[in-house]
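What follows is a set of notes on a single structure, which appears directly below.
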Amino acid sequence: MTKEKLLLLDGNSLAYRAFFALPLLTNDSGIHTNAVYGFTTMLQKILEEEKPTKMLVAFDAGKTTFRHSTYGEYKGGRQKTPPELSEQFPYLRKLLDAYCIKQYELEMYEADDIIGTLSKQAEEQKLQVIVVSGDKDLTQLASDNTTVYITRKGMTDIEKYTPDHIQEKYGLTPEQIIDMKGLMGDASDNIPGVPGVGEKTAIKLLKQYPTIEELYENVEQVSGAKLKEKLTTNEEQAKMSKQLATIDRQSPITITLDELVYDGPNVDELFSLWQDLSFKSLIEKSEFQSEATTTKELTFSILEDVSAEQLQDAMAVHIELADEHYHTCDRFGIALVDDKQAYYIPYDKAMASISLKEWLEDASKQKFMVDSKAAQAALLRDGIKLAGVEFDMLLAAYIVNPAIPSDDVATISKEFGYTDVLSNDNVYGKGAKKATPAIEAVAEHACRKANAVFSLQPKLEQLLRENEQFELYKQLELPLAAILSEMESEGITVDRERLVEMGHDLTTKLKTIEEDIYSIAGQAFNINSPKQLGVILFEKLGLPVIKKTKTGYSTAADVLEKLEPEHEIIRHILQYRQLGKLQSTYIEGLLKEIHEEDQKIHTRFQQALTSTGRLSSTDPNLQNIPVRLEEGRKIRQAFVPSNPEWLLFAADYSQIELRVLAHMCGDENLINAFQNGLDIHTNTAMNVFHVAEEEVTSDMRRAAKAVNFGIVYGISDYGLSQNLDITRKEAADFIERYFASFPGVQDYMKNIVEEAKQQGYVTTMLNRRRYLPDLKSSNFNLRSFAERTAMNTPIQGSAADIIKKAMIDMAAALKEQNLQTKMLLQVHDELIFEAPKEEIAILEKLVPEVMGKAFELNVPLRADFAFGPTWYDTK
DNA sequence: CTGGCCTGT
DNA sequence: CCTGGACAGGCCAGT
């Protein structure tokens, strides 16, 4: 029989630790779960590594303990437990029940004492003991048979205290930890100790006199008059502190070691609790996942060809792809599923099947899919124009809740209660372990995905209708997916030589700047390392530290700009950063993405990712190509039409977010400004500074512009003060005057937060939703963040709704008028086309008109445009 | 793999 | 008393 191993956990301390270490997560019904989650991940890890045979979680019993009779102020002045944590204790108890782990608490005693008593008993029986806590006090229990694990940040990072480790770290024995605490006290438990004695002094003293008692016997010999005086005047207090810090290893517990046998969790109970708590990553990672999630048999067949009879009028279709890069990756095969059958056809066989290809292009055959954009783009590589997409589970789920954490079919399905499908990571592995399994496994996986789509379609459509979001989904997002896949597949041509040339130029310039920096600094170092740079600037050159990060000195641009007058090195570093970014991200990064066969870049627009409804762009990101600074803007010279005779044409909405705000809040002043076509920032300046138009200085306009941005982002005085480099008071004053001039905006901001708190979510003009459980948080940061989000999301999201609508209208107009013009990119408030020269005149009228009419607001929507031989010239 | 930094709207 | 701008993606260094 293997040696018995006893695991003792300090329930309260670990729950506290987890609560403060992790952000305030919530499950689907809005219950906070971060403490339970952190506890669980820690527990999982320890169970796996230690495989204990006996376990117990000890809790503190009540407010008063025997220590209070020694010292009434014990643990006094403590913040009361935040309600977000208290509410989690019942779940923690349930969790431990599901694990079948014994729990224990004892009147008048703390968890420490229970653990101390049991560990002593266990040691006497020669058991191996592991104590787990977030509280370093417990390290006094370390011995040859007992190791104390203290969790560090993130809960799964553990420091193991053996007597050796304690010796190394403090130069003390475990027992002396008590003396150390007696001397230095403990603010969190309100143990006084000796005022003025901290960790360093305590250790120094204890190395000379091993205990507090011996120290006081020899107190006359202590060096340092001040220290000696502090010690003598606080003798009683020191001894009492030691007493308080001492764990009672003889507490009158009524539980015995024999009762602590641990035999593994109740898997079903644990799994269902994890589901209730929305512990999705744990469910995916866990070993019992496979048996718990795919219990149902699925019968499917792998076909060489498909007959017309096998293709129904409505089926779930899934194109199984090797990875997310659908413009280039391997395509494994196609799954076809309905309520009666499930087929899988390897991709090459599918492409050889005329009946299947016809069916895919037949708009009267309904396809239920997940990520139809990817499927359409993947098929377009073989010239197949997918038609008849009736349902897209990815988009439907995203509309129901944009916060779903992943686009994996398994994740989405589980979100809606369907578990009969594995995750991609599970089937293919991830990271270095990624590999393609046998065809049968791929076929089954693809069929299960299609089956999930087929099963969930009615439920999701019903949810969309209940939320009055069906139209948003069906009339906006679904048709947009088809348009985006065409834009991506079309791609944008890039002048490789131009980029290479700019790259050479940059290399030379960077070299020069680098040498300048080294010679000023007097040494070579890695300028790209914030850590090394920090040492040079703030230690070697002694520049003042303006801001710190978690890990050291901040060297961010706003900090460096403040330091610019202090030292000539700064401007070189700023220049180096700027050019280095261009080189690595935009020259080298873009070159890597050019497809050899067509000299084009094919980005992927993520349509189901942002929490506001915006698109994003990856591999590469074409929504953040430099424009602000001239050096960077030149990158745009490399973006050209696919035909040298054509031109690029760009149109962007003017102030779309502020117009949306004007529409939604109905503020008369703001509406008038737009209706009269005023310069909106100048107008704001006139109102805020109470001056006439001709009196508005450029500084006033700049400040007003920052205020307008602040309004859109969900204003805070602090944010504005940072932006304008003014005091918080001044910023608050600006905001107040803004609200006085635009009272409708103020009302809107107040009401939207209130409304969001009531119903739990905010909506956009087209009924896109975002849930904001943190509005009720007692954590100031989280709550403030949620409040700003409540103000910002309807604005940003409605603007996103509008441009999406414009894209659909634009695609229809181009088709209807039989134009050759191609829509290529969307950059949030901007659309980019390529067009033959002879169509430019048409676009000049058509594009602003379509964009302007995309949505009717109570202010005009205006789109400006420009065109030229490169993207750079569309300004 | 995370954090710092920088790019865009 | 202090907290702290909205939404994204990519690169690099350092763990």
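Convention: sequence-line order gives letters A, B, ...; per-chain numbering from 1. Since the model is a prediction, treat every value here as computed from it, not as a measurement.
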Once you apply a heavy-atom cut-off of 4.0 Å, does A/V627 come out as touching a base, just sugar-phosphate, or nothing? sugar-phosphate
Could you tell me how far B/dT2 sits from C/dG5 if I compare only their C1' atoms? Round to whole Å. 23 Å
Taking C/dT15, B/dC5, C/dA13 as options, the one with an atom nearest any side-chain atom of A/K531 is C/dT15
In plain terms, say whether A/E477 and A/R768 are close enough for a salt bridge, that is, a side-chain N and a carboxylate O under 4.0 Å apart. yes
Rounded to the nearest Å, what distance is computed from the CD1 atom of residue A/I527 to the P atom of nucleotide B/dC5? 15 Å
Pull out every residue in residues 794-808 of chain A that has a heavy atom closer than 4.0 Å to any atom of DNA chain C, ordered by number, or say none. A/Q796
Given the P atoms of C/dG4 and B/dG3, what is the spacing between them in whole Å? 15 Å
Value in whole Å for how far the C1' atom of B/dC5 lies from CG of A/N526: 13 Å
Considering only B/dC5, C/dC7, C/dG4, which nucleotide approaches the side chain of A/T549 most closely? B/dC5
Checking side chain to side chain donor-acceptor pair (under 3.5 Å) for the pair A/Y398/A/Q607: CA distance, chi angles, key distance, verdict? CA-CA 9 Å; A/Y398 173 66; A/Q607 198 187 349; over 6 Å; no
Residue-phosphate contact under 4.0 Å: A/T555 side-chain N/O, B/dC5 OP1/OP2: yes
Identify which nucleotide among B/dT7, C/dG9, B/dG4 has an atom closest to any side-chain atom of A/Y586, counting heavy atoms from C-beta outward. B/dT7
Check every atom of B/dG8, B/dC5, C/dG9 against the side chain of A/T618 and return the nucleotide holding the closest atom. C/dG9
Within 6.0 Å of NZ in A/K600, more than 12 heavy atoms from elsewhere: yes
Interatomic distance, A/I711 atom CD1 to A/Y748 atom OH [nearest 0.5 angstrom]: 11.5 Å
Does a side-chain N or O of A/R788 approach OP1 or OP2 of C/dA6 to a distance below 4.0 Å, or not? yes
Among residues 702-710 of chain A, which contact DNA chain C at a heavy-atom distance under 4.0 Å? A/A706, A/G710
Counting only Watson-Crick pairs (N1-N3 plus N6-O4 or O6-N4) and G-U wobbles (N1-O2, O6-N3), all under 3.5 Å, who is the partner of B/dT2? C/dA13
Closest-nucleotide 5' rank along DNA chain C - winner of A/R728 and A/T789: A/R728
Spacing of A/E593 atom CD relative to C/dG9 atom P, expressed in whole Å: 14 Å
Without decimals, in angstroms, what is the distance between A/N528 CG and B/dG3 P? 20 Å
Using atom C1' in both nucleotides, what's the gap between B/dT7 and C/dC2 to the nearest angstrom? 31 Å
For A/K750, does the NZ atom have more than 12 heavy-atom neighbours from other residues, nucleotides or ligands under 6.0 Å away? no
Applying the Watson-Crick and G-U wobble criteria at under 3.5 Å, what pairs with C/dC7? Answer none if nothing qualifies. B/dG8
Could you state the atom-to-atom distance from CG of A/D829 to C1' of C/dA6 in whole Å? 14 Å
Can you identify which nucleotide, out of C/dC12, C/dG10, B/dT7, has its nearest atom closest to the A/N624 side chain? B/dT7
Quick one: is A/R628 getting a side-chain N or O under 4.0 Å of the B/dG8 phosphate, OP1 or OP2? yes
Suppose we call a contact any N or O donor and acceptor under 3.5 Å apart; does that hold for the side chain of A/N621 and the base of C/dG10? no
So, is A/T793 near the phosphate of C/dA6, with a side-chain N or O under 4.0 Å from OP1 or OP2? no
What contact category does A/Q532 fall into here, base, sugar-phosphate, or nothing, at under 4.0 angstrom with non-hydrogen atoms? sugar-phosphate
In A/L560, A/L541, A/L543, A/L537, the residue satisfying side chain to side chain contact (heavy atoms under 4.5 Å, CB included) with A/E566 is A/L543
Go through C/dG9, B/dC6, B/dC5 for me and flag the one nearest to the A/S554 side chain. B/dC5
Flag the pair A/K592 and A/E588 as a salt bridge only when some basic side-chain nitrogen lies within less than 4.0 angstrom of an acidic carboxylate oxygen. no
Is the phosphate of C/dG4 approached by A/S716 (side-chain N or O, under 4.0 Å from OP1 or OP2)? no
Is any side-chain N or O of A/R614 under 3.5 Å from a base N or O of B/dT9, one able to act as donor and the other as acceptor? yes
Can you confirm whether more than 12 heavy atoms, excluding those of A/E324, are under 6.0 Å from its CD atom? yes
OP1 or OP2 of C/dG9 less than 4.0 angstrom from a side-chain nitrogen or oxygen of A/T585, does that happen here? no
Among the nucleotides C/dA6, C/dG10, B/dT9, whichever has the atom closest to the side chain of A/K581 is C/dG10
C/dG9 phosphate, OP1 or OP2, under 4.0 Å from A/T610 side-chain N/O: no
Reckon A/D652 touches a base, only the sugar-phosphate, or nothing at all at heavy-atom distances under 4.0 Å? nothing
So, do A/Y713 and C/dG5 meet the stacking rule of ring centres under 5.5 Å and planes under 30°? no
Check this for me: A/K875, atom NZ, are more than 12 non-hydrogen atoms of other residues, nucleotides or ligands nearer than 6.0 Å? yes
So which nucleotide from C/dG5, B/dC6, C/dG10 ends up closest to the side chain of A/L720? C/dG5
A/D558 and A/K547 ion-paired at < 4.0 Å: yes
Kindly write out the residues that satisfy side-chain contact (heavy atoms from CB on, under 4.5 Å) with A/A731, not counting sequence neighbours, or none if the list is empty. A/D717, A/L720, A/S721, A/I726
Could you check how far CD of A/E630 sits from P of B/dT7, rounded to whole Å? 15 Å
Between C/dG4, B/dT9, B/dC6, spot the one nearest the side chain of A/D717, thanks. C/dG4
In whole Å, what is the span from the NZ atom of A/K547 to the P atom of C/dG4? 10 Å
Quick test of your reading of the model: are A/D801 and A/K804 salt-bridged, counting only N-O distances below 4.0 Å? no
Scan A/N781 against the nucleic acid and name what it touches under 4.0 Å (heavy atoms): base, sugar-phosphate only, or nothing. base
Taking NZ, NE, NH1 and NH2 as the nitrogens, is one of them in A/R577 or A/E561 under 4.0 Å from a carboxylate oxygen of the other? no
Whole-Å distance separating the CZ atom of A/F525 from the P atom of C/dC12: 18 Å
